[in-house]
Amino acid sequence: AVANIGVVGLAVMGSNLARNLASREGNTVAVYNRTYARTQELLEEHPEAGFVASTTIDDFVASLAKPRTAIIMVQAGKGTDAVIEQLRERFEPGDIIVDGGNANFHDTIEREARIAPSGIHFVGTGISGGEEGALDGPSIMPGGTAESYETLGPILASIAAVAEGEPCVTHVGTDGAGHFVKMIHNGIEYADMELIGEAYDLLRRVGGLEPAGIADVFTAWNDGPLQSYLIEITAEVLRHTDAKTGKPFIDIVVDEAGSKGTGVWTVQNSLDLGVPVGGVAEAVFARAVSGKRAQRDAVRGLGLARPTATAAPEGFVDDVAKALYASKVVAYAQGFDAIIAGAEKYGWNIDKGAVAKIWRGGCIIRAQFLNVLADAYAANPNLATLLEAPYFAQAIADGQEAWRRVVVTATQAGVPIPGFSAALSYFDSLSAERLPAALVQGQRDFFGAHTYRRVDTPGPFHTLWSGDRSEIQTA
Ligand code: NDP
């Protein structure tokens, strides 16, 4: 037993994570993959890593020093369950099984409950940053017991991305907390990408800019408050030219967006938690709409008059930047609301500022912005919404007029902006003195006697709609 950490599953994520671990002082890394050819390939390509390789799971387990710690990086779902079972049969109390795959947090809760009685720790861990992050330093979101984090924490800290001198890893909470927070991260990522896509579309179709010009705009934005990895790569994608045709790369890509499901999970779970995450939902729906080719063809085929090109109003590019920023604040506010609600429902003690901090490096949504967000929660952990934090409230106050102009211009020009407009409506809903929810309550009481509360007297009440329309107090 010589290795302090093991990795099971040596496809792209597992082998990169194993290489990352091996490159850090003090780690000796055991590796195992169901199909040995994959292990052999890794050993041949990276002799410098000094991997301790095994051909059988028994040898792999024997190569681990106690407490044995193994990170599983195999196909989520059945593959993960199969490997968990193999390790559980061989591990002893105090040993740690880490699932670093993209598991559904409900599965993680269930797996932890199943394994915990044996005294073995099961730690569902969100890992963000894709292949590159796994190799160079991801953002890591572990759940599981505090006890397991004592062993695991330093190992994960050794391979995590570093932001402002701090490793991007924190013990998020027990059982499924890590995978839950990773899910919300991905949901926010969907919203962020959609908003950036809308900004591009506006700059092109209303602003009249070509992709390379828009790339320059994004590059300039990347020097300001919008700085983020996604803005940076967007500029790169827009600047890229297709070698085959000489056209902008963006114009040779089929405009139907794929997805792997974590955005949908975020929306499904937020619906269950009763948390409005319109930014994520609109992003998920926008990808779905893009794939409805028959419907798109049918409606386009109607040949209905399209709005004639609208000239870009003065200051349009700056307006779009402000609208993007304000909409992004809303998306994050909604994402953190989901974290708060999830923590309450599942009994996790999640430090929101710490989550914002570990998202500053390594992960896809990494951004300067997260520093401000972490500061906001540090100053007041009990914010009713991120929108009330002074910095963000000021940003929205400054950007509000621009945001409205952009939504109006886009609507007149026929440019779809589900993200921008839903975010603005959400903000307007929160800032409205009265909402038409009062009317909805009236309708519900009319057809279903669902009752309502009065503004002036504790209730609830019901009006006898099909009778004399007098009011009765129902409780
Ligand atoms: P894949 O998801 O493609 O899975 C392939 C690996 O799973 C192989 O090592 C394969 O072994 C193993 N495997 C599949 N079924 C079994 C089984 N029944 N028993 C044992 N091993 C099995 O690998 P990736 O590297 O792309 O991803 C690994 C995990 O990381 C996944 O959960 C994925 O969702 C997640 N991921 C996370 C990303 C991120 O940014 N965080 C990005 C990409 C993935 P064999 O070689 O024998 O077939």
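All values below were derived from every heavy atom in this structure, side-chain atoms included, with hydrogens, water molecules and symmetry-related copies excluded. All values derive from a computational prediction rather than experimental measurement. Order of listing sets the numbers, starting from 1, for every ligand and every atom in it.
The salt bridge (charged side-chain N to carboxylate O under 4.0 Å, His left out) contacts involving residues 15-37 comprise nothing, where partners must be two or more places apart or lie in separate chains.
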Quiz item: Are Asn16 and Glu132 close enough, and set up right, to give a side-chain hydrogen bond (donor to acceptor under 3.5 Å, both in side chains), and what steps lead you there?
Solution: CA-CA 8 Å; Asn16 279 0; Glu132 213 175 287; over 6 Å; no

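Residues Phe336 and Tyr377 place their aromatic rings such that the two centres sit under 6.0 Å apart.
Of the possible donor and acceptor atoms, none in the side chain of Thr170 sits under 3.5 Å from a partner among the backbone N and O of Val172.
For ligand 1, the 4.0 Å heavy-atom shell takes in Gly9, Leu10, Ala11, Val12, Met13, Asn33, Arg34, Thr35, Arg38, Met73, Val74, Gln75, Ala76, Gly79, Ala82, Val83, Gly101, Asn102, Ile127, Gly129, Gly130, Lys182, ordered by chain and residue number.
Within the cation-pi definition used here (under 6.0 Å to the ring centroid, within 45° of the axis), Arg111 does not qualify as a partner of Phe122.
Applying side chain to side chain donor-acceptor pair (under 3.5 Å) to Asn102 and the options His179, Lys182, Gln75 leaves one that passes, Lys182.
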